[in-house]
Structures are given as C-alpha cells and as structure tokens.
Amino acid sequence: MAPKFSCCFLAVLFSISCEIITSLNETCTEKEANRTYNCENLGLHEIPGTLPNSTEFLEFGFNVLPTLQNTTFSRLIYLTFLDLTRCQINWIHEDTFQSHHQLSTLVLTGNPLVFMATTSLDGPQSLKHLFLIQTGISSLEFIPRHNLKDLESLYLGSNYIASIKLPEDFLTRNLKVLDFQNNAIHYLSRKDINSLKPSSNLSLNFKGNDIKGIEPGAFQSTVFQSLNFGGTRNLSVVLNGLQNSTIQSLWLGTFVDTEDEDVTLDMLQGLCEISVESIYLQKHHFYDLSPTTFQCFTRLQELDLTATHLKALPSGIEGMNLLKKLVLNGNSFDQLCQINAANFPSLTHLSIKGNRKKLHLGTGCLEKLEYLQKLDLSHDDIDATDCCNLQLKNLSRLQSLNLSFNEPLGLQSEAFKACPHLAFLDLAFTHLLVNAPQSPFKGLQLLQALNLSHCLLDTSNQYLLTGLPNLLHLNLEGNHFQDGSISMINPLQTVPNLESLVLSYCDLSSIHLQAFKGLGRIYRIDLSHNSLTSSSLEAFSDLKGLYLNLAANNIRIIPPHLLPILSQQNTINLSHNPLDCTCSNVYFLTWYQKNLHKVEDSEKTLCAKPPSLTGVKLSDVMLNCGITAVGIFFLILFLLLFAIVLILAIKFLLRWKYQHL
Ligand SMILES: *[C@@H]1O[C@H](CO)[C@@H](O)[C@H](O)[C@H]1NC(C)=O
Ligand SMILES: *[C@@H]1O[C@H](CO)[C@@H](O)[C@H](O)[C@H]1NC(C)=O
Ligand SMILES: *[C@@H]1O[C@H](CO)[C@@H](O)[C@H](O)[C@H]1NC(C)=O
Ligand SMILES: *[C@@H]1O[C@H](CO)[C@@H](O)[C@H](O)[C@H]1NC(C)=O
Ligand SMILES: *[C@@H]1O[C@H](CO)[C@@H](O)[C@H](O)[C@H]1NC(C)=O
Ligand SMILES: *[C@@H]1O[C@H](CO)[C@@H](O)[C@H](O)[C@H]1NC(C)=O
Ligand SMILES: *[C@@H]1O[C@H](CO)[C@@H](O)[C@H](O)[C@H]1NC(C)=O
Ligand SMILES: *[C@@H]1O[C@H](CO)[C@@H](O)[C@H](O)[C@H]1NC(C)=O
Ligand SMILES: *[C@@H]1O[C@H](CO)[C@@H](O)[C@H](O)[C@H]1NC(C)=O
Ligand SMILES: *[C@@H]1O[C@H](CO)[C@@H](O)[C@H](O)[C@H]1NC(C)=O
Ligand SMILES: *[C@@H]1O[C@H](CO)[C@@H](O)[C@H](O)[C@H]1NC(C)=O
C-alpha cells in the first residue's frame, strides 16, 4: 500500500499544469487602444458595440451599409478618419456627420452612390480629404459642397465626369490635389480652368482622360504644382493648350496600350511657351531624334525619358545647362557613352536603370559630369573584369552609386578611388570577385552605407572592409561564412563605427564569443533567417541597448545564464523560432512574460513544444512548474507518515534489540 501511495504522491508533486489563455475573438482589430480600429471585411451591417466611443481612426471598408444616416455613426463623435471603401453605400442621408466636428478624412471609394443629401457632409469643422473614387458620379453638382471650404484634396477618379467646371459656390481656396483620372473629360475650356483659379499651386490629374481639345489660352497665367495628362494621344493638343502657364512638374507619359503618335519636333513646339521645371515623357516613341528635338527643353531642370525606346541620345544638344536630373531608365543603350553625357554638363542626378540590353560601361563616358552626385546603374546587366576606376573617371563629387543587380564585377583594391566622396554604395545581388588581398573599398573615407547583400563575397578575407572609418550601415545579407560560423577574426573587426548590421540569410549556425568585439557603437543587428541556437547569444554579452533580430532561427531553450544578455538589449525579435514551452525552459518563459515590452512580433512568437502547446503564443502560456498547494499538502502528509513509520520502526528495532539482549 505504501509504494502505491508514494507513486500517486509523486505524480501530484511533479505534475505540470498548463493553462492557455487565448484572447477573445474580437471582430475588429485594435491597432491603438481606444483610438485606432480596423473592422474591414467582416460582413458587418452596423458599427459594432465593442468599438469604444473614443475611436478616432476607423477602417470599416468591405462591409454592408446601404444607407448612412444620422444614427449610423452617432456614437463615434471623435472620428477624424473614416474609411468606408466598398460598403455598398447608395444613400447618404441628411446630417450623417452632424456631430463629427473633427472628421478630416472621409473615404467613400467604390460605393455606388445614388444620393447624397445637401447636408450629408455638414458637421466636420475642417474636412480636408474626400475620396469619391468609383462612385458613379457624372457631375460635380452631385457633391454636397456647403462644407468643403477647407478641402485640401478631392479624389474623383474612375467616374463618368465630363466637365471639370466647379460650381460657383464650390470654395476651393485650400485645394491642393484635384484628381480626375480615368473620367470622360475630352475638352477643357477657359471657363473650366478659371473655376479653379482661387486655389493656387494645385496638383491636377487628368490621367487616362483622352483630352482632345483645349481652348486656346485656357491655362494663360495659371500656376500649377503638377499637371498630369498621362495617356493623352495627341501631345500637341496638351502642349499648345498649356501656353503661358507655369508648371512645376508636367506628366505626359503614355501607356503601353495607348495607340499614340510618335513625338515629332512640331509637337514639342508648344513647350517653348510653357514655363515648366520637370517633364515626364514615359513610354513615348520619338520620331527622328536630333539635337533640335530638344530645343524647347532648355529651361528644364528635370527630364524623365523612361522607356522611350532610346538607343542613343544625339550629340550636340545645346543649351541644356539647367538640367539637374536626367532619367533614362528602361531604354536600349549598348554603351554608356551613347547617352552623350557632355550634353548635360550640370547634371547632379543620373539614372539609367533597367536597361533593356547589356550595358557596357566603356571608359570615362561620364567624365564631363563633374557635378554628378547620384548615379543609378542597377539592373543593367553590366559586367566588368576590372571595375570601377576607369569607368567612373572624374566623378569626384559622386555621393551615391547604385550598381545592384548586375553581372559579376571584378574589383581590385581601391576600386572606387575615382569617387572619393561616395557616401552610399549599393552592390546588392551583384556577384563581386575581389581580386586583391586588400580592401576594394579602401579610400572611401566618407562611406556611410554599404549594401553587399547577396554578393557571394569571400568573407574569409579579414581585410575586406578596411579603410572605411565612417561606415555606419552594412548589409551582408545572403553571404556565406566559412563553416556557417562567424569566427573571432572577421572583416567586421575593421569597421568600429558601425551602427547597423544585417547578417540575415547567411546560413549561420554559430557566432564566436568575440565576433562582435570592437563594434562599440552598434545598435541594430539583424540575424534573422539563420540556424543559430541560443549559445550564440554569448556574442552579445558586451553589447547593450541593441535592436536584435533573431527571428527564424533555431532557438529552442534559452538557459538562465543567458537571460541577462537579453535583458540588457532594447528590442528583441524571436518570432518563428522552434521555442520550447516545457518546464525545461521555464526561466526563459518567465523572463519573456516579464519583458514583453522588449519583444517584437509577439503574435508570431509561438511554442513548438510540447505538442499540446504547438502554435500557442508564448505570451499566453501559463506554466506551473513549482509545487502546487495539493502537492504541498501531500508532501506534508508524506513526511508525517514517514516520520511515524520511522519512529515505529526505531521503536520496533529497539524492542527487538532489547528482547535479544
Ligand atoms: C473568429 O475569427 C475568425 C477569423 O477572424 C472567424 O473566421 C470566426 O468566424 C470568428 N468567430 C466568431 C465566433 O466570431
Ligand atoms: C482606454 O479607455 C479605457 C476606458 O475609458 C481606459 O480605462 C484606458 O486607460 C484607456 N486606454 C488608453 C491606452 O488610453
Ligand atoms: C436623426 O434624424 C431624425 C429625423 O430626421 C431625428 O428625429 C433624430 O433626432 C436624429 N437623430 C439624432 C441622433 O440626431
Ligand atoms: C457612448 O455614447 C453613447 C451615445 O452617445 C452613450 O449612450 C454611451 O453611454 C457612451 N458610452 C460610454 C462608455 O461612454
Ligand atoms: C506647392 O505645393 C507643393 C506640394 O504640393 C509644396 O511643396 C510647395 O512648397 C508649394 N509651393 C508654394 C509656392 O506654395
Ligand atoms: C501668351 O503670352 C504672350 C505674351 O504675353 C501673348 O502674346 C500670347 O498671345 C499668349 N498666348 C496665349 C495662347 O494666350
Ligand atoms: C493633334 O493636334 C493638333 C492640334 O493641336 C492637330 O493639328 C493635329 O492634326 C492633331 N493630330 C492628329 C493626328 O489628330
Ligand atoms: C574632370 O572634372 C574637372 C572638374 O572636376 C573638369 O574641369 C574636367 O574638365 C573634367 N575632365 C574631363 C576630361 O572632362
Ligand atoms: C538601388 O537600386 C535597386 C534596384 O533598382 C533599389 O532596389 C535600391 O533601393 C537602390 N539602392 C539605393 C541605395 O537607392
Ligand atoms: C541596400 O541597402 C540600402 C540601405 O542600406 C537600401 O536603401 C537599398 O534599398 C538596399 N538595396 C537593395 C537592392 O535592396
Ligand atoms: C521580426 O522579424 C521578422 C523576420 O525578419 C520580420 O518579418 C518581422 O517583421 C519582424 N517583426 C517586426 C515587428 O518588425
């Protein structure tokens, strides 16, 4: 009987009672307590009672609210932002927003509106942004306009509007953005444009309206921040119509499916009469490109010729001295010299990314661009056995260079000596063949950010990063280290001022205790998507206040002696690790629940073990690994019984002993 009893007792004593607390299935997601809620796509027919009266920011799209009336939102009087995208709204009755004095943004996109009462938008003291995209509106008269005096942006895209003439009582003083894209506007009259006059510096969007005519002088002495005539078939209509206007940026791009005419010299004549700073001509074809094509471009500061089927730019273009920024992405140059860079001597920004052909860098093709600060040559299929000093000759002011997503580049030591002012260098996804025992980056005294992700680097070269005294941000994602381990001697030892370091997807399974020694200023390390276990945590014992991302590694149990290392950091991401939620990990689990404020992504930080807790959030696990009250009771009982048995046994023994004396 005694053995049976103690068995039972032991079971009680060491039983682990686990309790799972799961959160209530709330309909709406709380993004910020008492203020911000998302109730999208829940099939709701009314505002749920669970939303607090104090809600200010509400995303309520994709529900069912056929009519809005004064009772619909009457409780939520503090709303400032209300998104009602695709709620099947047909009717918006009188005084719907009468108590919503603070409402500033109202999104009604994608509702088939049949009726809006004249007072339906009354109430808000300063309604600033109104979205009426895809609401079936065919006339601006439909919009109740009593209370739009503070409106800053009005989005009317994808409707059936034919005339942009604003009603006289439509006050537009503060309007900054007026978006008419994809409507049925074909003609712009002087009266139409005059109705916009009260607002200056407007951004006006006519994209996807095939404008067929503009009354001469309609835009006379008007000033616009931006004008978008994207997709207009006949460019001369627009350019002649805009005479004597002042426009900061003019978007004239077209779309692949638009059957537009080739751009001729004649068509561009109108541009000489417009004062414009930036012009965008995406996807057009130029007919007979010659230096004279650019004769009306001389006042431009920015020119975007993305995907304009260019094989070369003519030499001898004159007068482009003001041009600061030139975008030639998505064209078909063979050689960098074909852009005839000498035409644009003041350029500070040049972008030639995504060239359709393999781009040969040539020698010194950009040497006349002595003011160039930013150069983007990404996605250009570039390869070079010895990059980049000859290719980038004379670019001594270059600050930012993007050579990412290219073919293999061979780098000797001091490969970027031609550009001593580089602060940002992006070589991501370009296979680098470092042919020197020394650093190819040596001499870049001012380099702050270096992206070497997926460069297939030889990381065993401990001098790889020497000579970069000001490097703050280093990305080594996707590079591999010998034996999946960062050893004590590694290239990181030579960049003492590093502040952020990315080592994700590096196939790491361990890190030497002293690997990060000397990184005294580091505050951000991303080691996600490796195979690290908790033993690698020791490498951080000298570092404090880190943002440490250890997501998607192989961390199961974190023993007590490593917990102080976690405690001394700022933020830790442990999501997607196979964490153990049994009593063997109780110290860590306790630490975790006490330090939830340090933990990022706790929604995705889940238990992998034991099977009964797989997939449960660590923050919800209640582990009881101590002795329970019942356990204590039985323990005392057991000790008592044990004492009695002992006393009896001694008594019996003594008696037996005396009897046999
Ligand atoms: C709980 O939420 C899920 C997904 O959000 C939903 O599918 C389910 O119907 C909800 N259950 C209840 C009772 O509301
Ligand atoms: C939210 O409102 C409740 C009740 O009004 C209040 O107790 C709580 O402190 C509020 N929370 C925040 C974060 O303001
Ligand atoms: C809503 O309007 C009806 C009549 O139009 C009125 O009787 C009622 O008092 C209004 N409700 C609120 C909350 O203002
Ligand atoms: C929320 O507002 C409604 C109507 O304005 C009111 O009846 C209710 O008491 C308010 N609830 C809270 C918690 O203040
Ligand atoms: C015009 O608007 C743009 C942004 O829309 C703003 O950056 C600029 O300062 C404004 N210019 C004037 C003169 O108001
Ligand atoms: C543009 O302005 C010039 C001079 O100010 C004037 O001669 C010309 O007629 C104007 N053009 C249009 C289309 O109004
Ligand atoms: C384009 O518009 C101009 C007038 O702005 C007109 O002379 C020309 O004929 C138009 N081209 C076509 C093909 O309609
Ligand atoms: C190189 O740049 C300097 C100014 O930095 C300029 O004077 C010189 O003309 C350029 N050299 C060539 C060959 O264009
Ligand atoms: C370099 O170009 C790539 C691809 O075009 C882009 O994703 C990346 O953000 C650019 N890098 C920088 C520093 O702008
Ligand atoms: C490389 O890193 C920089 C920041 O350090 C970033 O802006 C850039 O987008 C990255 N490049 C690519 C191709 O992701
Ligand atoms: C945690 O890290 C994972 C993997 O890098 C990332 O996807 C996730 O966004 C991070 N969490 C937060 C809140 O940034």
Side-chain angles (χ1 to χ4, degrees), residues 46-47 53 67-77 91-101 117-120 122-123 315 336-337 340-348 351 353-354 362-380 382 389-406 409 417-432 441 444 447-457 465 468 470-479 495 498-505 522-526:
E46 57 177 20
I47 299 295
N53 286 0
T67 58
L68 304 185
Q69 49 207 4
N70 63 0
T71 47
T72 315
F73 306 105
S74 59
R75 208 164 54 76
L76 307 179
I77 58 171
W91 297 75
I92 305 184
H93 286 287
E94 285 79 8
D95 300 324
T96 296
F97 299 104
Q98 60 178 351
S99 321
H100 302 82
H101 302 310
T118 24
T119 60
S120 59
D122 286 6
S315 62
L336 192 52
C337 285
N340 277 301
N343 289 326
F344 316 103
S346 312
L347 278 193
T348 57
S351 177
K353 71 175 173 192
T363 302
C365 294
L366 305 178
E367 67 186 348
K368 289 288 191 304
L369 302 182
E370 54 177 296
Y371 300 105
L372 199 65
Q373 292 171 11
K374 198 167 175 189
L375 177 60
D376 190 344
L377 292 169
S378 59
H379 287 287
D380 282 343
I382 295 169
N389 283 321
L390 286 176
Q391 293 85 344
L392 304 178
K393 206 160 99 183
N394 219 24
L395 297 183
S396 62
R397 299 194 196 184
L398 199 64
Q399 290 170 11
S400 165
L401 174 61
N402 197 339
L403 278 167
S404 63
F405 298 97
N406 279 299
L409 295 182
K417 211 162 78 179
C419 316
H421 283 104
L422 271 187
F424 305 95
L425 178 56
D426 193 344
L427 292 160
F429 293 92
T430 296
H431 182 182
L432 299 181
F441 310 111
L444 297 180
L447 198 68
Q448 289 175 24
L450 179 57
N451 195 337
L452 294 173
S453 59
H454 302 275
C455 287
L456 306 176
L457 282 169
L465 301 169
L468 297 173
N470 285 304
L471 192 65
L472 305 177
H473 310 287
L474 175 62
N475 189 339
L476 287 171
E477 175 178 316
N479 287 289
V495 277
L498 213 55
E499 292 181 352
S500 85
L501 173 63
V502 182
L503 287 166
S504 51
Y505 295 98
I522 196 111
Y523 65 78
R524 200 181 164 90
I525 303 186
D526 184 351

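Computed from a predicted structure; not experimentally measured. Both counts, for ligands and for their atoms, begin at 1 and track the order of listing.
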>> Contact between I47 and R75 at the side-chain level, heavy atoms closer than 4.5 Å - yes or no?
In response: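 Side-chain contact under 4.5 Å: yes.
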> Under a 4.5 Å cut-off applied to non-hydrogen side-chain atoms, are I77 and N53 in contact?
Replying inline: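 No - every pair of side-chain heavy atoms lies 4.5 Å or more apart.
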> Got a donor-acceptor contact below 3.5 angstrom from the D380 side chain to the G354 backbone?
Replying inline: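 Such a contact is found between D380 side chain and G354 backbone.
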> Counting N and O atoms only, with roles assigned by atom type, does the side chain of N406 sit under 3.5 Å from a partner on the main chain of T430, one being a donor and the other an acceptor?
Replying inline: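 A pair under 3.5 Å: no.
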> Heavy atom under 4.0 Å from ligand 3: found in Q98's side chain, backbone, both, or neither?
Replying inline: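 The side chain, only.
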> Numbering the atoms of ligand 3 from 1, which are under 4.0 Å from a heavy atom of N70?
Replying inline: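 Counting atoms of ligand 3 from 1, those under 4.0 Å from N70 are 1 (C), 2 (O), 3 (C), 8 (C), 10 (C), 11 (N), 12 (C), 14 (O).
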Close N/O pairs between ligand 10 and protein, under 3.5 Å:
{"residue": "ligand 10", "atom": "2 (O)", "partner": "N451", "partner atom": "ND2", "Å": "2.5"}
{"residue": "ligand 10", "atom": "11 (N)", "partner": "D426", "partner atom": "OD2", "Å": "2.7"}
{"residue": "ligand 10", "atom": "11 (N)", "partner": "N451", "partner atom": "ND2", "Å": "2.8"}

>> Once you restrict to heavy atoms under 4.0 Å, what part of E370 touches ligand 8? Side chain, backbone, both or neither.
In response: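 Just the side chain.
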> Residues in salt bridge (charged side-chain N to carboxylate O under 4.0 Å, His left out) with E367, at least two apart?
Replying inline: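 E367 satisfies salt bridge (charged side-chain N to carboxylate O under 4.0 Å, His left out) with K393 only.
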> Which residues pass the side chain to side chain contact (heavy atoms under 4.5 Å, CB included) test with E477, sequence neighbours left out?
Replying inline: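 Once residues adjacent in sequence are excluded, the partners of E477 under the side chain to side chain contact (heavy atoms under 4.5 Å, CB included) criterion are S453, H454, N475, V502, S504, Y505.
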>> Counting neighbours of NE2 on H421 that are heavy atoms of other residues, nucleotides or ligands and sit closer than 6.0 Å, is the number greater than 12?
In response: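 No, the 6.0 Å shell around NE2 holds no more than 12 heavy atoms from other groups.
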> Looking at K368, which atoms of ligand 8 are within less than 4.0 Å of one of its heavy atoms?
Replying inline: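 Once the distances to K368 are compared, the set is 14 (O).
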> Any N or O of N394 that comes nearer than 3.5 Å to an N or O of ligand 8?
Replying inline: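 Indeed, backbone or side chain, N394 has an N or O that close.
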>> Suppose we screen for ring pair (Phe, Tyr, Trp, His ring centres under 6.0 Å). Which residues come up paired with F97, at least two apart in sequence or across chains?
In response: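 Partners of F97 by the ring pair (Phe, Tyr, Trp, His ring centres under 6.0 Å) criterion, ordered by chain and then number, come out as F73, H100.
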